[in-house]
Structures are given as C-alpha cells and as structure tokens.
Peer 1: 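Have a look at this one before I ask anything.
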Amino acid sequence: MAKFIEITIDGETTVARLHEDAAPNAVSRFWQALPIDETLRHVRWSGMASYVLVESLRDESIPLENRVSFYQPGAICLRPEHGEVAFSYGQAQARDHRGNNWAAHIATVEGDTASYLAAIARTKRGGARSITIKRQEG
C-alpha cells in the first residue's frame, strides 16, 4: 500500500505520494523523520524551488535512489549530504555553489497543485514560510 504525506504551507495543504518502489531507502529515512516542522526558504542557485534543512536527514549514507538532477514542478527531492528536502514549483535543478548535483526524487504532489505551488513560489519574493510535513493517516 502506497504511503502519502500531507504538506501544509501558509494554510494550503496538499498530499504527495512517496516513491517507495523507486527510492525505498531514502523514503524510509524520510518517513522516520516525520513529522517535520521547519522554515521553508527559497533556493539560491537552483531555480524555481524552496527547501528545508532537516538535521536527521543529513547523512551521506542515504542512497541517491531514483536519482535526478532536474526537478519538475511538484517534485520533492532529498539531498542527504545537506539534509535538504527541496520542493519545486517550476523548473529547478540540484545545484549549489560548486555546480550541478544529484538528489533522490522521493515524492510527487498529486491532485490540484496550483495553490500549493503558489505557496512555495511566494518564498521567492515574500521570504521564508512555515512548513509542516506529516504522515497521512488512513
């Protein structure tokens, strides 16, 4: 049975499906880290995305399963070397001051995503936002 998470930003809640089959180890570690209450900030070098840093996910032994460099809108990706979870609202890439990198694509938002993607995009001009990520029960 598929696992889902609920993500709330600025009162907007959406659901994402975890990619257990494609990234079983990375998803398992992410699932163990829930719930997450953090500050969502816009990326500096990566394009149309925001991120949170989760200290318990900062672990280079977490494999880069379902490996991607480019993020599509609605993708949720983990860069374990930083403990970074990225949320894309448009075209983005796993980048930092050293250049292009890779991430584990661990989940994708489902359903009507317009208000969720807009909430993430507001971090670009409006600054940091509170984000809550928890297991969807049921």
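Just so it is clear, the structure is predicted and the values come from calculations on it, not from any experiment. Position 1 is the first residue of the sequence; numbering continues from there.
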Peer 1: Quick check: do Leu34 and Ile133 have side-chain heavy atoms less than 4.5 Å from each other?
Peer 2: yes

Peer 1: About how many Å separate OG1 of Thr13 and CD1 of Ile7, when rounded to the nearest 0.5 Å?
Peer 2: 9.5 Å

Peer 1: Could you tell me which residues satisfy side chain to side chain donor-acceptor pair (under 3.5 Å) with Gln32, sequence neighbours excluded, listed by chain and number?
Peer 2: Ser28

Peer 1: Got Val52 and Phe87 here, is their nearest side-chain heavy-atom distance under 4.5 Å?
Peer 2: yes

Peer 1: Do Glu81 and Arg58 have side-chain heavy atoms sitting under 4.5 Å apart?
Peer 2: no

Peer 1: Do any N or O atoms from the side chain of His105 and from the backbone of Ala107 form a donor-acceptor pair under 3.5 angstrom?
Peer 2: yes

Peer 1: Say whether Ser46 and Gln93, considering side chains only, have a donor N or O and an acceptor N or O under 3.5 Å apart.
Peer 2: no

Peer 1: Between Gln72 (side chain only) and Gly90 (backbone N and O only), is there a donor and an acceptor less than 3.5 Å apart?
Peer 2: no

Peer 1: Look at the side chain of Arg135 and the backbone N and O of Trp31, then say whether any donor-acceptor pair between them is shorter than 3.5 Å.
Peer 2: yes

Peer 1: Contact between Thr108 and Ile76 at the side-chain level, heavy atoms closer than 4.5 Å - yes or no?
Peer 2: no

Peer 1: Would you check if Glu6 and Thr14 make a side-chain contact, meaning some heavy-atom pair closer than 4.5 Å?
Peer 2: no

Peer 1: Would you please indicate yes or no on a ring centroid separation below 6.0 angstrom for Phe30 and His19?
Peer 2: no

Peer 1: Taking all non-hydrogen atoms of both residues into account, name the closest pair between Glu12 and Arg122 and its distance.
Peer 2: CG-NH2, 4.5 Å

Peer 1: Taking the side chain as every heavy atom from C-beta outward, state whether Lys134 and Ile5 have any atom pair closer than 4.5 Å.
Peer 2: no

Peer 1: Verify, without hydrogens or angle tests, whether Arg95 (side chain) and Ala92 (backbone) share a donor-acceptor contact under 3.5 angstrom.
Peer 2: no

Peer 1: Less than 4.5 Å apart, any side-chain heavy atom of Arg79 and any of Trp102?
Peer 2: no

Peer 1: Pro80 versus Leu64: any side-chain heavy-atom pair under 4.5 Å?
Peer 2: yes

Peer 1: State the OH-CD1 distance between Tyr89 and Ile9, to the nearest 0.5 angstrom.
Peer 2: 12.0 Å

Peer 1: Please answer whether the main-chain N or O of Pro35 pairs with a side-chain N or O of Asp37 as donor and acceptor at a distance below 3.5 Å.
Peer 2: no

Peer 1: Determine, stepwise, if the pair Ile36 / Thr132 fulfils side chain to side chain contact (heavy atoms under 4.5 Å, CB included).
Peer 2: CA-CA 6 Å; Ile36 296 169; Thr132 301; over 6 Å; no

